[in-house]
Amino acid sequence: MTHRLPAGGRIDRSAPLRFTFDGVEYQGFRGDTLASALLANGVLTVGRSLYRDRPRGIVSAGVDEPHALVQVEGSCSEPMLLATTMELYDGLTARSLKGRGRLDEAPDEAADEPVHDKMYRHADVVVVGAGPAGLAAGLAAGRSGARVVLVDDQPELGGALLAGHAGFGREQIDGRPALEWVARVRAELAAQPETLVLTRSTAIGYHDHNYLLVAERRTDHLGPLPVPGVSRQRLWHVRAREVVLATGAHQRPMVFAGNDRPGVMSAAAVRTYVDRYAVLPGHRAVLFTTDDQAYATALDLVAAGAEVAALVDTRPEPPAALVDACRDAGIEVVPGSAVVATAAGDEDGTEGETKGEGRITGVRISALTDDDQLVGAVREVACDLLAVSGGWSPAVHLWSQSRGTVRYDDDLAAFVPDRAAQAVQAVGAGRGTYDLASCLREGFAAGAEAASRAGFGGEAPDEPEALDEPEVPSVVGDQPPTRPRPVWLVPAEQGSSAVSGDLGEWHDHFVDSQRDATVADVQRAVRAGMRSVEHIKRYTTIGTAHDQGKSCGVAAIGVIARLLGAGSPGEVGTTTFRGPYVPVSFALLAGRERGPLFDPVRTTPIHPWHVRHGAVFENVGQWKRPRYYPRVGESMDAAVLRECRAAREGVAVMDASTLGKIDVVGPDAGLLLDRLYTNGFAKLPVGSARYGVMCRPDGMVFDDGVTLRLAADHYYLTTTTGNAAPVLDWLEEWLQTEWPDLRVRCTSVTEQWATVAVVGPRSREVIAALAPELDVSNDAFPFMTVRHTSLANGVEARICRISFSGELAYEINVASWYGLAVWEAVLAYGAHLGITPYGTEAMHVLRAEKGYPIVGQDTDGTVTPKDLGMEWIVARHKHFVGKRSFRRGDTARGDRRQLVGLLPVDETELLPEGSQLVEIDADLTVTPVESLGHVTSSYRSAALGRTFALALVRGGRERIGETVLAPLSDGRTVPATITDPVLYDPKGARRDG
């Protein structure tokens with residue numbers, strides 16, 4: 001490890017780790033990132049640019065890294081990961097990318113596939129960031145007894161203080177090294193019963209009502225193989241009363257010629273690699289800064305054994321104490337100047353172990369005028385590292401996602417949080433406060449205030465005193481840093497103006513180096529007439545890469561301001577900050593909702609019986625429903641005919657547990673249903689049932705079902721199987737957005753009740769035996785009523801007289817855990833009657849014979865109740881959703897498609913569902929032929945002794961008796977006669993047995 005320091009850092013030198021990068025094996029230590037381990041081995045160039053194929057090196061040490069994207073190989077290959085945030089583990093294999101990664105060609109669904117999961121949590125205070133300000137906020141809030149969640153993306157707490165380890169940093173708190181204070185805070189937070197500390201966790205989204213998404217990396221640092229019983233990553237959904245954002249700040253790059261070369265790094269990153277990882281990124285460095293921060297980096301480099309050839313400061317008069325400290329360390333300070341260009345090593349990388357492909361070999365320095373123009377001679381300085389500090393940009397991404405506004409601060413030369421839109425505060429560097437004492441002060445105050453707002457008393461603790469050691473005054477201390485001098489665009493040496501100059505002169509001034517976007521690209525956008533930063537972003541693609549402009553965003557705004565002649569970046573404004581804050585995998589977002597769990601299979605409590613008795617299942621929504629029960633050697637048609645015959649002539653039983661069921665409870669429950677159903681429910685007597693239809697605002701049928709009134713304020717609403725969730729959403733949408741004053745609660749109880757339908761002329765005998773305490777006579781238990789009783793086996797039941805077949809029928813509703821027992825009891829009590837289980841196919845036949853439509857099969861979103869022949873269900877005396885649409889001429893047209901019956905002329909011909917219908921005299925050799933409608937349902941009927949169908953036909957009721965043609969895919973045309981849709985027992989004589 002040619003660039004590893006002999007001592008220091010927060011790495012564990014007793015735990016060496018082997019890893020491979022681009023086919024070459026290296027060694028690092030536990031505590032390294034892939035980036036720090038590569039730098040320790042002298043590897044700086046990590047890929048080539050996407051469009052111009054230029055070499056790219058490591059720039060930062062965190063999530064703002066624009067270049068170091070790698071592909072991790074192995075059993076679970078993963079692309080586009082940041083080397084700067086990837087913790088090193090033994091056996092890691094990675095390769096560099098040229099902008100694009102590669103997904104596994106065949107995802108492995110084996111047992112060793114990593115698991116991702118989700119957690120949901122409520123908190124009184126959420127603190128994002130565990131640097132000094134965040135730790136102070138978490139400590140203050142936690143001491144109040146509030147439920148606190150502290151989130152930080154690093155493996156350990158401390159934030160920027162971690163770079164001050166091993167003697168290179170000078171931070172002290174309470175007179176002791178700052179990291180000792182961090183350790184005490186960590187211990188106290190761990191002892192607080194209501195505080196949850198999430199490390200290796202990044203807040204990726206901040207949504208309405210203080211709803212945050214946090215991505216936790218649980219085992220990524222342990223290797224690619226799953227850890228038994230532990231998910232690889234976890235997505236936390238956290239709802240907070242109060243939020244404190246201590247998100248820190250990102251150091252900005254500078255825009256000058258050749259600023260994209262390997263060896264040009266963030267000054268803060270250089271300090272992090274030196275102090276935290278004991279890595280020396282270069283042996284001879286130049287620093288280029290607009291502010292105070294780079295001075296600490298220069299001193300740390302010298303202390304680590306590097307040579308600092310020069311510190312170039314854009315400010316004509318940098319703070320004297322900083323200048324004196326550097327000069328005492330043998331560092332030349334060049335004030336009022338800028339690095340205007342870089343020189344690079346040979347492309348073959350033969351200039352030495354620190355050079356590498358395209359690595360920087362020197363810089364050119366020139367003095368600056370007050371208006372940022374070059375003046376005087378250009379000076380060349382040899383170096384293999386250029387550490388740049390273009391200023392600091394508070395990480396306002398989450399703040400902006402929460403709909404908070406930002407403003408430009410001229411003193412800080414940065415956009416900072418302004419007005420909050422939610423219960424949130426920003427503290428520390430995340431709001432532009434950079435001195436340690438002030439960060440601590442703000443953190444303690446914000447944590448205490450947040451806890452108090454959440455209902456927990458307490459005052460801010462006395463903040464500890466933050467001091468500097470006297471030999472390095474003002475590097476990091478009580479006093480705020482001095483004002484920076486931002487230079488948004490370092491002029492080209494040719495001296496031409498960026499506004500009017502030749503585009504070619506600016507092709508190597510990179511604004512967004514990951515997108516290969518330069519000042520010339522911004523010039524081109526401005527000359528095309530663009531003025532909005534959003535338009536220029538899209539024209540140039542600046543800020544659209546994986547880092548979403550974390551490194552280049554504000555610098556790009558500064559360049560745009562210069563080219564537009566704006567006074568400051570504040571006049572240009574920012575682009576939109578969108579989530580996620582960092583890229584996350586689709587696997588994390590999906591969690592366990594993948595494979596079989598992506599669309600979970602739902603089964604009724606009676607499902608085991610269906611399986612044991614050979615049922616053939618079909619998928620209805622997510623439900624597995626028995627379609628039919630074939631006997632040995634029996635076809636589906638034969639089985640369905642047998643099941644239908646049993647229901648028409650004797651007794652049959654069906655598992656109807658999948659019906660949607662919703663409890664609608666409250667004093668205004670009847671009023672709500674009156675407004676949503678086309679017919680009335682408010683006056684429905686207790687103990688009665690009523691069939692109802694819901695329409696959308698356009699008047700088209702949305703759902704139907706039977707509703708029971710169980711008490712004055714309690715309705716039990718049933719829906720079609722596939723519409724259970726949409727109907728509940730529909731009820732809630734109207735309650736929450738239009739009628740929030742209604743006193744109603746809606747609760748899904750679909751899975752709380754098992755439903756057994758007993759159907760047929762002998763069903764009353766079965767019910768009488770099953771429920772001996774219940775009078776099942778017609779007079780005592782009439783149609784469309786409900787009774788509560790105890791069954792013979794002691795189970796409490798709700799029994800309804802409802803029929804979806806036209807036969808005498810009952811629906812037994814019991815608690816779901818009794819469903820199987822009651823099903824078996826029904827079969828036992830009906831065995832002497834030859835009771836027959838039937839499935840959905842027979843159910844469809846029975847209802848179609850009676851002309852009962854199924855929403856979603858006989859309707860398609862363009863059908864009104866009148867089209868179904870159900871004018872009787874549309875109330876004239878009340879308002880309901882969709883009623884106004886019935887006054888439209890279009891819904892009253894006589895030539896609308898209406899539900900009718902169809903009888904094929906050939907009584908054995910089964911029309912395919914979906915078949916189009918045309919006039920009998922249509923010339924089918926001429927195309928196109930106008931369609932009259934289509935077949936919606938088609939079956940063979942045991943009761944009718946023939947095939948039949950239902951169809952939606954234009955002006956269908958006026959066409960009864962006419963013959964139409966159904967052209968089939970095999971070239972045949974099948975004639976069929978239009979009839980009334982009620983083909984069986986049109987007078988309803990069989991309903992009461």
What distance separates [X] [atom1] from [Y] [atom2], expressed to the nearest 0.5 Å?
| X | Y | atom1 | atom2 | result |
| --- | --- | --- | --- | --- |
| Cys746 | Leu672 | SG | CG | 5.5 Å |
| Asp703 | Thr720 | CG | OG1 | 3.5 Å |
| Leu911 | Asp906 | CG | CG | 10.0 Å |
| His844 | Tyr852 | NE2 | OH | 16.0 Å |
| His934 | Leu950 | NE2 | CG | 11.0 Å |
| Glu909 | Arg946 | CD | CZ | 11.0 Å |

Quick check: closest heavy atoms across [X] and [Y], and the distance to 0.1 Å?
| X | Y | answer |
| --- | --- | --- |
| Ala724 | Gly660 | CB-CA, 3.6 Å |
| Ser803 | Gly806 | OG-N, 2.9 Å |
| Pro605 | Leu820 | O-CB, 3.7 Å |
| Ala689 | Leu684 | O-CD1, 4.1 Å |
| Tyr838 | Ala652 | CD2-CB, 3.4 Å |
| Leu708 | Val706 | CD2-CG1, 4.1 Å |

Within a strict 4.5 Å, meaning less than it, do heavy atoms of the [X] and [Y] side chains meet?
| X | Y | result |
| --- | --- | --- |
| Val964 | Ile978 | yes |
| Arg762 | Leu808 | no |
| Tyr939 | Glu913 | yes |
| Thr747 | Val664 | no |
| Met654 | Met843 | yes |
| Val863 | Leu952 | yes |
| Arg954 | Glu930 | yes |
| Phe781 | Arg764 | no |

If the plane angle is over 60° it's perpendicular, under 30° parallel, otherwise tilted; pick one for Phe886 and Phe880.
tilted
Do the side-chain N and O atoms of [X] and [Y] include a donor-acceptor pair separated by under 3.5 angstrom?
| X | Y | answer |
| --- | --- | --- |
| Arg709 | Tyr716 | no |
| Arg991 | Asn778 | no |
| Thr840 | Glu618 | yes |
| Asp779 | Ser777 | no |
| Ser931 | Gln916 | yes |
| Gln857 | Ser937 | yes |

May I ask you to say whether [X] pairs ionically with [Y], meaning some side-chain N is under 4.0 Å from a carboxylate O?
| X | Y | answer |
| --- | --- | --- |
| Asp985 | Arg990 | no |
| Asp867 | Arg896 | yes |
| Arg888 | Asp698 | no |

Just by distance, do the side chain of [X] and the backbone of [Y] share a donor-acceptor pair under 3.5 Å?
| X | Y | result |
| --- | --- | --- |
| Thr750 | Lys661 | yes |
| Ser748 | Ile662 | no |
| Ser885 | Pro697 | yes |
| Thr947 | Glu907 | yes |
| Asp858 | Ile854 | yes |
| Lys624 | His607 | no |
| Thr737 | Glu733 | yes |
| Glu841 | Tyr628 | no |

Just grab all the ring pair (Phe, Tyr, Trp, His ring centres under 6.0 Å) pairs involving residues 717-736, residues at least two apart or on different chains.
Phe702-Trp730, Trp730-Trp734, Trp734-Trp739
For [X], does the [atom1] atom sit with more than 12 other heavy atoms under 6.0 Å from it, leaving out its own atoms?
| X | atom1 | answer |
| --- | --- | --- |
| Phe681 | CZ | yes |
| Arg696 | CZ | yes |
| Glu958 | CD | no |

Output, in order, the C-alpha distance, side-chain angles, deciding distance and verdict of side chain to side chain contact (heavy atoms under 4.5 Å, CB included) for Val935 and Leu902.
CA-CA 8 Å; Val935 176; Leu902 278 182; 3.9 Å; yes
Arg801 and Asp992: side chain to side chain contact (heavy atoms under 4.5 Å, CB included), yes or no, with the steps?
CA-CA 9 Å; Arg801 272 284 312 275; Asp992 294 327; 2.8 Å; yes
Do any pairs count as a side-chain hydrogen bond (donor to acceptor under 3.5 Å, both in side chains) and have a residue in residues 672-693, sequence neighbours left out, and if so which ones?
Tyr691-Asp704
For residues 638-658, pull every pair meeting side-chain hydrogen bond (donor to acceptor under 3.5 Å, both in side chains), keeping only residues two or more places apart or in separate chains.
Thr604-Asp655, His610-Asp655, Arg625-Thr658, Glu634-Arg642, Arg648-Glu807, Arg648-Glu849, Asp655-Ser657, Thr658-Thr721
Could you please spell out the steps behind the side chain to side chain contact (heavy atoms under 4.5 Å, CB included) verdict for Leu899 and Thr936?
CA-CA 9 Å; Leu899 188 69; Thr936 61; 4.3 Å; yes
Are Leu774 and Ile799 close enough, and set up right, to give a side chain to side chain contact (heavy atoms under 4.5 Å, CB included), and what steps lead you there?
CA-CA 10 Å; Leu774 181 64; Ile799 302 180; 4.0 Å; yes
Arg798 and side-chain contact (heavy atoms from CB on, under 4.5 Å): which partner among Ile812, Val814, Leu710?
Leu710
Suppose we screen for side-chain contact (heavy atoms from CB on, under 4.5 Å). Which residues come up paired with Val665, at least two apart in sequence or across chains?
Asp663, His714, Arg745
May I have the list of side-chain donor-acceptor pairs in residues 824-834 shorter than 3.5 Å, sequence neighbours left out?
from   : atom 1 : to     : atom 2 : distance (Å)
Glu824 : OE2    : Arg612 : NH2    : 3.4
His832 : ND1    : Tyr829 : O      : 3.3

The ring pair (Phe, Tyr, Trp, His ring centres under 6.0 Å) partners of Tyr715 (sequence neighbours excluded) come to none
Mind running side-chain hydrogen bond (donor to acceptor under 3.5 Å, both in side chains) on Thr862 and Asp860 for me, showing each step along the way?
CA-CA 6 Å; Thr862 66; Asp860 60 1; 2.5 Å; yes
